[in-house]
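Excluded from the calculations below are hydrogen atoms, water molecules and symmetry mates; all remaining heavy atoms, backbone and side chain alike, are included. By convention here, the first residue in the shown sequence is residue 1.
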Amino acid sequence: MKSLALDRVDRRLFMAGVAAGGLAIGGGRRADVTIFHGGPIRTMEDARPAAEAVAARGGFIIAVGTLEQVEAVAGRGARRVDLQGRTLLPGFFDPHGHVAMVGLQARYANLLPAPDGEGNDIPALQRITRDWMTRHEALVRDTGLVIGFGYDDSQLNERRHPTRDDLDAVSDAVPILFMHQSGHLGVANTAALEAARVNAETSDPDGGVFRRRDGSREPNGVMEETALFAVMGALFTRLDAEANRQMIVEGARFYARFGYTTAQDGRSSTETCRMIGDLAQAGALPIDILSFPDILTSTDVMTTSLYRRNYEGRYRVGGVKLTLDGSPQAKTAWLSQPYFIPPEGQPASWRGYPAVTEQQALDAVDLAFRNDWQIEVHANGDAAVDLLIAAVREASRKHGARDRRPVLIHGQATRLDQLDDLKALGIVPSFFPMHTFYWGDWHRDSVLGPRRAEVISPCGSAWRRGMRFTSHHDAPVANPDALRVLSATVTRRTRSGDILGPDERVPVEIALKAMTLWAAWQHYEDDRKGSLAVGKLADLVLLDQDPVTIDPGRLAGIRVSEVYKEGRPVDLG
């Protein structure tokens, strides 16, 4: 029988733990050792994909194998957790999301459509908002602001965005801001527009649009991209530092409820990084948070102690983020060919638009490579992906080849020929296959058309090319629902039941790696996270069913039972 595996750096970590902590091998008593057994254990390790038991001590895994092997290491008196048939996996690792904004989602009115909410028509959005205002009178009074998150015009019965007039019907006295589920559009009522000093004389900012009333310069309340972000910036000053800190903690806890033990805050501001750092010092974070501040606005963070390879208080800054375009479901992503059906008021040639100039993109990637910063680049449309490829190719030529591991975030409309360039340049694709469920029908019928929609988030093609990819939820664009991510990556089933691009499906074992081991590798953390192996952190998730053996059509219905961070249960609230 194969002995207990102690491989790579795991052996050194394990023996260091024995020397420092006096771990008993064999017959000693160590009550601070916990053995997990009694259900399927999926390790994500190729050499031992399944195990009977796992033991943890001091936050680290000290044994993986048969129950007999693990008991021999753990010794007598070890605490036992009987899985009772539940499945143990490494905790999910978020390859891309916005944990601080998830706190906003968790705190304010939920406008999401089914199955995540009840926002299926404009009257429902109005009712949900009024009900929320009634339940949170003190918060509305203290902040003078109402926020609703998650409406989706593609799922509303009216098939249009709500307008300032629809929001004014809820209240014309207090500023109200509705955030689109994509995070790239929003709607403001008249009071919010006035508070942000937006009116008929306000010009559209670079990389954004204030939509106008027909035949008028007067804003109709709908805002795209940088126009939205400008209004958000003006309104969010009403939220004090304590409210923002609470949102960060609530966001991290919300992630944990879905089985994540590491969350990301992409495109962080300097102030957000500092707030998360303060929370980390205070021991307030239930799980690890990894920030990627905006390279165009917040590189000052990269000169502080927050930028590091190791976590302190469950927080670190890992690199920088660049955004090249918008959202395909909002039809602001930058495509090389026109949208199947252009958005209202746009010509048939509409291809979306870039969020930055070509020179800004080239300079940003050059800056990251020059400083050996890992850079994660939001590029949804294939024209934006072309720009990313060109920028990385030029920066690699100029600064030499190193393992900088640049990341393509989303890559929804990535062409298959672009995958070869990504592989050659060492660009890691982090795809968003949840789109196949939430917006697959919309992409097929309105955004990209049947042919291009078949290959959105081309996980299968990347896998067949031998590429490690990751898959994310981009929360709060969708709930940080790990099992919904898994289901979409494996089945690519749309809301209507269509299979969008069957060739881009991958086996469940590969989809799980994209959310655990490969996600940890994307961030240089696979030596300590992402699989159940000796020496790695005891970051664990218990599921009520086994994703490897269940019918793939039922993956989204699996529920998280418990989450352990460094061997200790996380309070899921």
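Here the CZ atom belonging to Arg393 is positioned 10.5 Å from the CG atom belonging to Leu388, to the nearest 0.5 angstrom. Leu416 CG to Arg465 CZ: the interatomic distance, rounded to the nearest 0.5 Å, is 5.5 Å. Atom CG of residue Asp503 and atom CZ of residue Arg464 lie 5.5 Å apart, to the nearest 0.5 angstrom. Here the CD1-CZ distance, from Ile147 to Phe178, works out to 11.5 Å after rounding to the nearest 0.5 Å. Note that the CG atom of Leu322 and the CD1 atom of Ile295 stand 6.5 Å from one another [nearest 0.5 Å]. Arg159 contributes atom CZ, which lies 6.5 Å from atom OG of Ser154 (distance to the nearest 0.5 angstrom).
Taking a 6.0 Å sphere around CD of Gln346, one finds it holds more than 12 heavy atoms contributed by other residues, nucleotides or ligands. Glu158 CD: more than 12 foreign heavy atoms inside a 6.0 Å radius. Other residues, nucleotides and ligands place more than 12 heavy atoms under 6.0 Å from the CD atom of Glu394. Around the CZ atom of Arg451, the shell of radius 6.0 Å holds no more than 12 heavy atoms that belong to other residues, nucleotides or ligands. A 6.0 Å sphere centred on CG of Asp206 holds no more than 12 heavy atoms belonging to other residues, nucleotides or ligands.
Contact detail for Ile287 and Ala256: the closest heavy-atom pair is CG2-CB, 4.1 Å. The two atoms that bring Glu509 and Val548 nearest to each other are OE2-CG1, 3.6 Å, heavy atoms only. For the residue pair Ser457 and Gln412, the shortest heavy atom distance occurs at OG-OE1, 2.9 Å. Thr470 and Ser430 get closest at one heavy-atom pair: OG1-OG, 2.8 Å. In plain terms, the two heavy atoms of Ala188 and Leu167 that are nearest each other are C-CD2, 3.9 Å. Taking every heavy atom of both residues into account, Val317 and Leu290 meet most closely at C-CD1, 4.4 Å.
Judged purely by distance below 3.5 Å, without hydrogens or angles, the side chains of Glu224 and Thr332 never pair a donor atom with an acceptor atom. Judged by distance alone, the side chains of Ser461 and Glu504 do bring a donor and an acceptor atom under 3.5 Å apart. Of the N and O atoms on the side chains of Lys321 and Ser298, not one donor lies less than 3.5 Å from an acceptor on the other residue. One side chain, Thr494 or Asp441, offers a donor N or O that lies under 3.5 Å from an acceptor on the other. Side-chain contact annotation: Glu45 with Ser531, donor-acceptor N/O pair under 3.5 Å present. Tyr438 and Asp152 share no side-chain donor-acceptor pair at under 3.5 Å. With 3.5 Å as the limit, one finds no donor-acceptor pair spanning the side chains of Arg452 and Gln337. Side-chain atoms of Glu376 and Gln264 include a donor-acceptor pair closer than 3.5 Å.
When atom types are taken as modelled, the side chain of Trp350 and the backbone of Pro343 share no donor-acceptor pair closer than 3.5 angstrom. The closest donor-acceptor contact from the side chain of Tyr339 to the backbone of Ala333 lies under 3.5 Å. Not one N or O on the side chain of Asp382 forms a donor-acceptor pair closer than 3.5 Å with the backbone of Ala413. Using modelled atom types, no side-chain atom of Thr489 and backbone atom of Pro433 make a donor-acceptor pair closer than 3.5 Å. In this structure a side-chain-to-backbone donor-acceptor pair under 3.5 Å is present from Arg492 to Leu500. Proximity of a side-chain donor or acceptor of Arg314 to a complementary backbone N or O of Pro286 within less than 3.5 Å is detected. Of the possible donor and acceptor atoms, none in the side chain of Glu225 sits under 3.5 Å from a partner among the backbone N and O of Gly208.
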Stepwise side-chain contact (heavy atoms from CB on, under 4.5 Å) test for Val356 and Thr323: CA-CA 8 Å; Val356 296; Thr323 299; over 6 Å; no
Thr261 and Val570: side-chain contact (heavy atoms from CB on, under 4.5 Å), yes or no, with the steps? CA-CA 9 Å; Thr261 50; Val570 178; 5.8 Å; no
CA sep, side-chain torsions, deciding dist, call: Val392, Asp421, side-chain contact (heavy atoms from CB on, under 4.5 Å): CA-CA 10 Å; Val392 170; Asp421 290 325; over 6 Å; no
Step by step, work out the side-chain contact (heavy atoms from CB on, under 4.5 Å) result for Phe292 and Val407. CA-CA 12 Å; Phe292 281 78; Val407 179; over 6 Å; no
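Under the 4.0 Å criterion applied to side-chain N and carboxylate O atoms, Arg160 and Asp153 are not assigned as salt-bridge partners. Checked for salt-bridge contact, Asp46 and Lys513 meet the test: a charged N lies under 4.0 Å from a carboxylate O. Salt-bridge check for Arg316 with Asp288: failed, with every basic side-chain N at 4.0 Å or more from each acidic carboxylate O. Using a cut-off of 4.0 Å between Lys/Arg side-chain N and Asp/Glu carboxylate O, Glu562 and Arg86 are scored as salt-bridged. In summary, Asp544 and Arg559 do not engage in a salt bridge, as defined by a charged side-chain N under 4.0 Å from a carboxylate O.
At a threshold of 4.5 Å between non-hydrogen side-chain atoms, the residues Gln522 and Phe93 do not count as touching. Proximity of Lys331 to Ile341: side-chain heavy atoms (C-beta onward) are separated by under 4.5 Å at one or more points. Put simply, the side chain of Leu555 does not reach to within 4.5 Å of the side chain of Leu483, judged on heavy atoms. Contact of the Arg253 side chain with the Val249 side chain is registered, since non-hydrogen atoms from C-beta on lie closer than 4.5 Å. Looking at Asp265 and Ile248, their side chains never come closer than 4.5 Å, going by heavy atoms from C-beta outward. With contacts defined as side-chain heavy-atom distances shorter than 4.5 Å, the pair Arg484/Asn479 does not qualify. The closest side-chain heavy-atom distance from Leu387 to Pro354 is not below 4.5 Å. Proximity of Leu83 to Ile41: side-chain heavy atoms (C-beta onward) are separated by under 4.5 Å at one or more points.
The side chain to side chain contact (heavy atoms under 4.5 Å, CB included) test with Leu408 is passed by exactly one of Val428, Val377, Thr414: Thr414. Checked against Arg42 for a side-chain hydrogen bond (donor to acceptor under 3.5 Å, both in side chains), the options Thr87, Asp546, Thr516 give a single hit: Asp546. Considering His96, His378, His98 in turn, His96 is the only one that fulfils the ring-ring contact (aromatic ring centres under 6.0 Å, His included) rule with His472. Here the options are Phe432, Phe258, Tyr255, the test is ring-ring contact (aromatic ring centres under 6.0 Å, His included), and the partner is His473; only Tyr255 passes.
Ring to ring, His161 and His180 are close: their centroids are under 6.0 angstrom apart. Between Phe469 and Trp518, the distance separating the two ring centers is shorter than 6.0 angstrom.
Between His435 and His443, the angle of the ring planes stays under 30°, which puts this pair in the parallel group of the 30/60° scheme.
Judged by the 6.0 Å distance and 45° axis criteria, Arg495 is positioned over the aromatic ring of Phe437.
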